[in-house]
Amino acid sequence: MTAPTHTTSHTSAFPVDGSIDYRGCFEHAVGDAHQVKTDLVYRAAYGSNTSHYDYTPAAVVEATSAEEVGRIFAAARERGIPVTLRSGGSSLSGQAASDSVMVDVRKHFRGMDILDGGKRVRVQPGLTIDDVNLRLAPYGYKLGPDPASTSVATIGGVIANNSSGMACGTEFNSYKTIESMTFVLPSGTTINSADPDADRRFAEAEPELVDTLQRLTRRVRSNPESVAIIERHFAIKNSIGYTLNSFLDYDSPVEQFIHLLVGSEGTLAFIAEATFHTIPLRRFATTAMAVFSNLTSATDALPALKESGAATLELLDDKSIIEGQKIPGTPQEIHGFDPQGQTAMIVEYHTDTLEELRELERIGGRIMAEHNLFTPAEFFTDEARRAGAWKFRKSLYPIMAESRPTGTMALIEDIAVPVARLTDAVNSMGELFAKYSYRDALILGHAGDGNLHFTMTDDFYGDANLKRYQEFTDDLVDLVLGFEGNLKAEHGTGRVMAPFVRRQYGDELYEVARELKFAVDPQNWMNPDVIITDDPEIHLKNLKHPEEVEDEINNCVECGFCEAVCPSRDLTLTPRQRIVVRRARAKAEALGDTAAVKEIDDNHLYPGVQTCAVDSMCATACPVNIDTGKFIKSLRRTDASPAEQKVWNAAAKAWAPATKGAAAALTAASALPPALVQGVTGIGRVVVDPDTIPLYTKDLPRGGTARGGTGRGRGERGGQFVGAADGTLAGMYLPACVNTMFGPVRGGDGAPRAFQELLAKAGLKLFVSDNIDSLCCGTPWSSKGMADGHATMSGKVAASVRQALESHPELRGLPIISDASSCTDGFADMLTGDDSVSGDATVMDAVRFVAEEIVDKLDVAKAYDSVTLHPTCSSTQMGINGHLTALAEACAHEVHVPLDWHCCGFAGDRGMLHPELTASSTKEEAAEAQALDADAHASCNRTCEIGLTRATGKPYRHVLELLAAAAR
């Protein structure tokens, strides 16, 4: 039976079956109509995945519970509408793509319970591997599967693809470590396999399915050829087709079925929850970056290295070395020569004792030395060097993808062969790349498991290129099966290998797989054409041909690494999705689909532009350093009207009265009934624009005090000094205007006063210019896209710094310090870009300055039993989170940083323009902070402190306030 067919209109760039009312079909199945999204912005956004397939769903439905998934299934089953489950969207083989209905099971499925002291863990599908491992680490355990994409790969996808990874091999993959799961069948039946009577309930609810499972078990076990094929293919890494070894490994229908769901890629059921056996974390690790003279020498060393207990054996060919030499921070061992056949290998051992570690280093070193090393190899435990080795391994695909020609796609595929056949397989693949002129292809992989990955770029546009890719794929299949290997090792079957599952297993076992599929899903509406297909060319259809977009975002490979750090990830769109929507618009323009262009333009402003925090955290997670926040700033700059530019430029010229006016307004508002002020601002937001008029809320503080009056008296040369009157001059001080606009938390002193107290106690002083009240870091202008005002303010700040340096030459070489992390970051960008002062303008945050220059000079009491910290996006980007923690530890017995901390999304005034952004971004962190119930709560940026105070109901202060109080 094939998938249902749909009538589509080809006059649109994004055709949808016009005979189906998708919204009407699914609104009654969910609790909120907003969970069903049919506008093109969201459809395009959720169509994104890391594979080279291009599908745009007709509708996106956000499920909030297993019960809702069951109702969504019922609605889809009634109309015969195909459904695809989507979690992280990091799959590489096209299994998380659909032109029908996409069900998001990531956003609302993040529950987790640690069991048996960490030996077991129960998780929902929306958590990433990093999410789970971060919580398991204090218990000394982690999940077995360890793919390279741990920050984006969710548990749902890990199970659906039977993920493995760098070190887990076949021993600790999803199949081997799953204990139990709760699943929802297409029929709506929900079974928890951990229930003692699960088999009875399964048989009563699904008698025909259970009968089929039992019949297929007898069929497989009674056929010696089937048994031999299964045992051969599952002796090595294997993620193609269904996990047919379940029919040999388990007798219970429920146990068989939950293990068949591992690797089923959303074609059989929804996995609502799963319990894993975890594995212990080893205390020590040592790494070697070995470079062998040739491939044969490297692969010849593999058996002995694996036998010695090596945890990872990562092979990288000579073209990988060439690419690695272009990446800053990669190991010195791969530099200084012209690679011509040399092969690199990352060899790593994990142990619980140093004695064992040293012994393994000795054994591993001897083995490598016996196999024709190109340069001597040594083991190292230094974290920076180890990080460099893994940067080499993990950066190859994104770096290659970044440098691909415009309009092409970067593919990464994987196969597995018996380790004894590895050398021949690599050489044969090299010949295959040469035959089809894939000259940029490179090979890497988990060599200890015979698992090879290869990357290449291709342009699928035009018959000639498509034919080349088709013939290459056919020859690749012949090659892998000729080595008795598996066509997919880790990435899943998807659409890319669905037409070849029959060849992998033969007619008999393929029919077993088909019977399984249609016994569970008779209508074939669960992710059709994935794993099981009747279309021999499904792997050649709907291939991406990415339209060229702006240079800042054009290199995006849609991997989704950015999503975990995005403040708006659960509210509107993520950085990846913003880029995908931009590409969808370009595609519509190229095809002349003016209706689609208009629909995107009409609906993109709020989710795509207004609710982006522009905090640039996405760049910290992006493998190719794409800063989507910076790109959104450029869109705001383009969209800003001349009148807006003029108003904000005027504000830059008269910033002192502007900040004092804002402070006075907040102070006045705090004296009025909150409902009255909120009502007035609410009306203004309706009449004018919710992205222009801030919303007043009762949690906002009173206004602060002007910066110009905080010193100990005017200096003789255009300024004043703060700190110790007769102290040592330590630098220049640019107090942040945010502390003028927003006063301290009730009963607090505020960062400026606390900082000055600490300076005085340490015998230090800082210079403050007379015109400080008129200066700002420029963030209000840059974040809103007000280029004229930002230029005006940049000029004022640079002129003030120049004047101070001319009047006080003794300041040259000393740091310029600010007391709010985002402002420090803004001043650094502003002054670094000005040649007239950049050589003398080392900008430093007050947190770092106090940690490095002051705290050791103080007598600080442990004034707090516990402190909960909120690092900020700016403190993260500047690398001062360690300093932030150190200051808290100086005055508290315990310091906690919530595992779920993210950028708070307050983003200057964004938290007042769109409070829902801060509420969404801080939801999980707030819950953890409330549960910790610390004595004090601190951060290092006033607006972030306001955002966290609002989210938690706990007063957040600057960490310098805590330290100053503890030092009194």
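Owing to the predicted nature of the structure, the values given are computational and were not obtained by experimental measurement.
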(request) Would you check if Glu348 and Trp390 make a side-chain contact, meaning some heavy-atom pair closer than 4.5 Å? (result) yes
(request) Spell out, as yes or no, whether a donor-acceptor pair under 3.5 Å connects the side chain of Gln325 to the backbone of Ile334. (result) yes
(message) Between Asn238 (side chain only) and Asn486 (backbone N and O only), is there a donor and an acceptor less than 3.5 Å apart?
(response) no
(message) Please enumerate all residues that pass ring pair (Phe, Tyr, Trp, His ring centres under 6.0 Å) together with His233, with sequence neighbours excluded.
(response) Tyr505
(message) Between Arg468 and Asp458, does any NZ, NE, NH1 or NH2 come within less than 4.0 Å of an OD or OE carboxylate oxygen?
(response) yes
(request) Could you verify whether a donor N or O on one side chain and an acceptor N or O on the other, from Thr128 and Asp130, lie under 3.5 Å apart? (result) no
(message) How about OH on Tyr139, more than 12 heavy atoms from neighbouring residues, nucleotides or ligands closer than 6.0 Å, or not?
(response) no
(message) Classify the ring geometry of Phe500 against His539: parallel below 30°, tilted from 30° to 60°, perpendicular beyond 60°.
(response) perpendicular
(message) I'd like to know if the side chain of Thr150 and the backbone of Asp146 have a donor-acceptor N/O pair within less than 3.5 Å.
(response) no
(request) State the OG-CD1 distance between Ser308 and Ile367, to the nearest 0.5 angstrom. (result) 4.5 Å
(request) Report yes or no: does His902 contribute a side-chain atom to a donor-acceptor pair with the main-chain N or O of Ala564 at less than 3.5 Å? (result) yes
(message) Quick check for you: to the nearest 0.5 Å, what is the distance between Met429 atom CE and Ile415 atom CD1?
(response) 4.5 Å
(request) State whether Glu853 and Arg848 are salt-bridged, where the test is any N-O pair (Lys NZ or Arg NE/NH1/NH2 against Asp/Glu carboxylate O) under 4.0 Å. (result) no
(message) Test your reading of the model: is there a side-chain donor-acceptor pair from Glu265 to the backbone of Gly494, 3.5 Å cut-off?
(response) yes
(request) Mark yes when over 12 heavy atoms from residues, nucleotides or ligands other than Lys391 sit less than 6.0 Å from its NZ; otherwise mark no. (result) yes
(message) Donor-acceptor check, side chain of Glu471 to backbone of Tyr436, threshold 3.5 angstrom: yes or no?
(response) no
(request) Could you verify whether a donor N or O on one side chain and an acceptor N or O on the other, from His446 and Glu314, lie under 3.5 Å apart? (result) yes
(message) Strictly distance-based, threshold 3.5 Å: is any side-chain N or O of Thr287 a donor or acceptor partner for the main-chain N or O of Arg386?
(response) no
(request) Answer yes or no: are there more than 12 heavy-atom neighbours, outside Arg366 itself, under 6.0 Å from its atom CZ? (result) yes
(message) Taking the basic N atoms (NZ, or NE/NH1/NH2) and the acidic carboxylate oxygens, is any pair closer than 4.0 Å for Glu431 and Lys435?
(response) no
(request) Establish, yes or no, whether the cationic atom of Arg358 lies under 6.0 Å from the six-membered ring centre of Phe284 and within 45° of the ring axis. (result) no
(message) Strictly below 4.0 Å, N to O, side chains only: are Asp449 and Lys306 in salt-bridge contact?
(response) yes
(request) Mark yes or no for whether Thr885, through its side chain, and Asn881, through its backbone, hold a donor-acceptor pair below 3.5 Å. (result) yes
(request) Using modelled atom types only, decide if a donor and an acceptor are shared between the side chain of Asn161 and the backbone of Ser163 within a distance under 3.5 Å. (result) no
(request) Any chance you could lay out the ring pair (Phe, Tyr, Trp, His ring centres under 6.0 Å) test for Phe454 and Tyr438, step after step, and finish with the verdict? (result) CA-CA 11 Å; Phe454 62 87; Tyr438 288 121; 9.0 Å; no
(request) For residues Tyr349 and Arg282, determine if any side-chain heavy atom of one lies less than 4.5 Å from a side-chain heavy atom of the other. (result) no
(request) Give me the one residue out of Ile443, Asp318, Leu315, Asp317 that meets side-chain contact (heavy atoms from CB on, under 4.5 Å) with Leu295. (result) Leu315
(request) Answer yes or no: are there more than 12 heavy-atom neighbours, outside Tyr461 itself, under 6.0 Å from its atom OH? (result) no
(message) Under a 3.5 Å distance rule, please check whether Asn554 uses its side chain to pair with a backbone N or O of Val549 as donor and acceptor.
(response) yes
(message) So Met368 and Leu305, do their side chains get closer than 4.5 Å, heavy atoms only?
(response) yes
(request) Please name all residues satisfying ring pair (Phe, Tyr, Trp, His ring centres under 6.0 Å) with Phe460, sequence neighbours left out, ordered by chain then number. (result) His52, Tyr469
(request) Kindly indicate whether the side chain of Phe631, heavy atoms from C-beta on, has any atom under 4.5 Å from the side chain of Ile626. (result) no
(request) With sequence neighbours excluded, tell me which residues meet ring pair (Phe, Tyr, Trp, His ring centres under 6.0 Å) with Phe483. (result) none
(message) Side chains of His491 and Ser239: any donor to acceptor distance under 3.5 Å?
(response) no
